[in-house]
Number of protein chains: 2
Amino acid sequence: MTTAENILSTLLKDHGYSITSQRLLVFNLLIGQEPMTMHELIDRTNGKIDRASIYRIIGLFDQIGITQRLNIGWKYKIELTDKFAEHHHHLTCLNCHKVIPINKNELEDFIAQLATVQGFTPIDHQVEIQGYCQNCSKKVTKAKLLN
Amino acid sequence: MTTAENILSTLLKDHGYSITSQRLLVFNLLIGQEPMTMHELIDRTNGKIDRASIYRIIGLFDQIGITQRLNIGWKYKIELTDKFAEHHHHLTCLNCHKVIPINKNELEDFIAQLATVQGFTPIDHQVEIQGYCQNCSKKVTKAKLLN
DNA sequence: AGATTATTGCAAATTTGTTGCAATTATTAT
DNA sequence: ATAATAATTGCAACAAATTTGCAATAATCT
Ligand SMILES: [Mn+2]
Ligand SMILES: [Mn+2]
Ligand SMILES: [Zn+2]
Ligand SMILES: [Zn+2]
């Protein structure tokens with residue numbers, strides 16, 4: 001049992017669910033990987049788990065905070081929650097596609113505050129910024145910047 | 001022709017697409033409204049446009065920056081871009097799926113500043129916060145909130 | 001107006017997600 | 001460790017969402 005598997009087991013038990021080989025397999029397919037689509041996840045199980053079960057497992061994982069869905073355009077990808085990876089946000093370069101992580105406590109505080117002002121209880125959030133990195137800012141034409 | 005319709009027409013022509021009654025209808029169903037699901041949009045056309053065409057129109061609108069998809073849970077809603085509505089962000093209720101617009105200049109400044117510190121030129125960004133609205137916060141149990 | 005090209009509707013296909021139920025597996029209690 | 005109990009899975013069918021080819025129609029261009 002890895003450390004991560006132990007955390008998973010505890011989370012499942014604490015919520016009254018059992019530890020099954022299928023749940024462990026799905027979890028291990030997600031750990032350490034880039035966010036993946038449902039299709040990719042299903043593919044990677046190589047027919048070892050039924051499609052319906054995978055949907056049920058991800059539904060459960062979402063519910064008890066093991067996974068979360070990351071929205072990409074009008075599709076979504078699945079990734080493990082911050083319990084299993086460091087919470088962070090990104091600056092993405094529209095030209096060279098470099099991804100620069102942001103990790104600002106200020107930002108977190110600001111967002112939390114922003115929500116609570118309206119009687120809202122914030123649970124999760126996303127911040128993504130697209131633009132041009134230092135390098136590409138120099139090369140990109142004014143026309144392109146003005147769109 | 002309304003002002004908004006003129007902007008739409010120009011955008012279509014500038015990208016080499018024609019102005020059709022279907023495209024105008026879809027556009028007018030979106031203008032001034034809350035973000036809506038594809039299902040809602042289809043419903044509101046009252047059978048006047050085929051489902052396939054609506055998908056094609058929204059696909060095109062997305063491509064040329066007339067609409068954008070707002071992710072709600074693992075579904076999405078469609079809304080007009082900032083060209084047709086004030087730039088804003090959202091608080092989304094995880095329970096009743098209510099969408100509350102945020103409109104804070106502070107937030108914009110904060111984000112711009114966050115990016116520029118690193119020599120980055122920000123062009124676009126998204127901020128989405130999920131949680132429970134004032135109403136649902138009361139009903140949702142402490143257990144559920146603590147997850 | 002007539003020719004040309006783009007868009008639409010229709011019908012069918014595909015892809016994505018859900019459900020009931022019997023078989024299997026995990027947990028709990030001897 | 002075994003049997004009883006309860007939860008989970010696989011299967012097969014279903015339902016919803018999205019995509020596609022193609023002929024009919026509508027928009028644009030000359
Ligand atoms: Mn954050
Ligand atoms: Mn903003
Ligand atoms: Zn770059
Ligand atoms: Zn609510």
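Source: prediction; values computed, not measured. Any value given below was found using the heavy atoms of this structure, including those in side chains, with hydrogens, waters and symmetry copies removed. To find a chain, count down the sequence lines: A is the first, B the second, and so on, and within it residues start at 1.
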>> So if I take every side-chain heavy atom of A:Tyr76 and compare against D:dT18, C:dG17, D:dT8, which nucleotide ends up nearest?
In response: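 From the listed options, C:dG17 comes nearest.
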
Produce the list of close N/O pairs, under 3.5 Å, pairing protein atoms with atoms of nucleotides 11-13 of chain C; give distances to one decimal.
none

Hey, does [Y] have a side-chain heavy atom less than 4.5 Å from the side chain of [X]?
| X | Y | value |
| --- | --- | --- |
| B:Glu108 | B:His87 | yes |
| A:Ile31 | A:Leu80 | yes |
| A:Thr116 | A:Thr121 | no |

> Are B:Phe27 and B:Phe84 near enough that their ring centres are under 6.0 Å apart?
Replying inline: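 Under 6.0 Å, so yes.
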
Whether [X] contacts [N] is assessed here as follows: a side-chain N or O lying under 4.0 Å from the phosphate OP1 or OP2. Is that the case?
| X | N | answer |
| --- | --- | --- |
| A:Ser18 | D:dT8 | yes |
| B:Tyr55 | D:dT19 | no |
| B:Thr20 | C:dT8 | yes |
| B:Gln22 | D:dA27 | no |

>> Go nucleotide by nucleotide along DNA chain D from the 5' end; which of B:Arg56 and B:Lys13 gets its closest nucleotide reached first?
In response: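 So the residue in question is B:Arg56.
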
> Who pairs with B:Gln68 by side-chain hydrogen bond (donor to acceptor under 3.5 Å, both in side chains), at least two apart in sequence or on another chain?
Replying inline: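 Listed in chain order: B:Glu79.
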
> Among residues 39-49 of chain A, which contact DNA chain D at a heavy-atom distance under 4.0 Å?
Replying inline: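 Correct list: A:Lys48, A:Ile49.
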
>> With a 3.5 Å distance limit and no angle check, can you tell me whether A:Gln33 reaches the backbone of A:Leu30 through a side-chain donor-acceptor pair?
In response: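 Looks like no, no N/O pair under 3.5 Å.
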
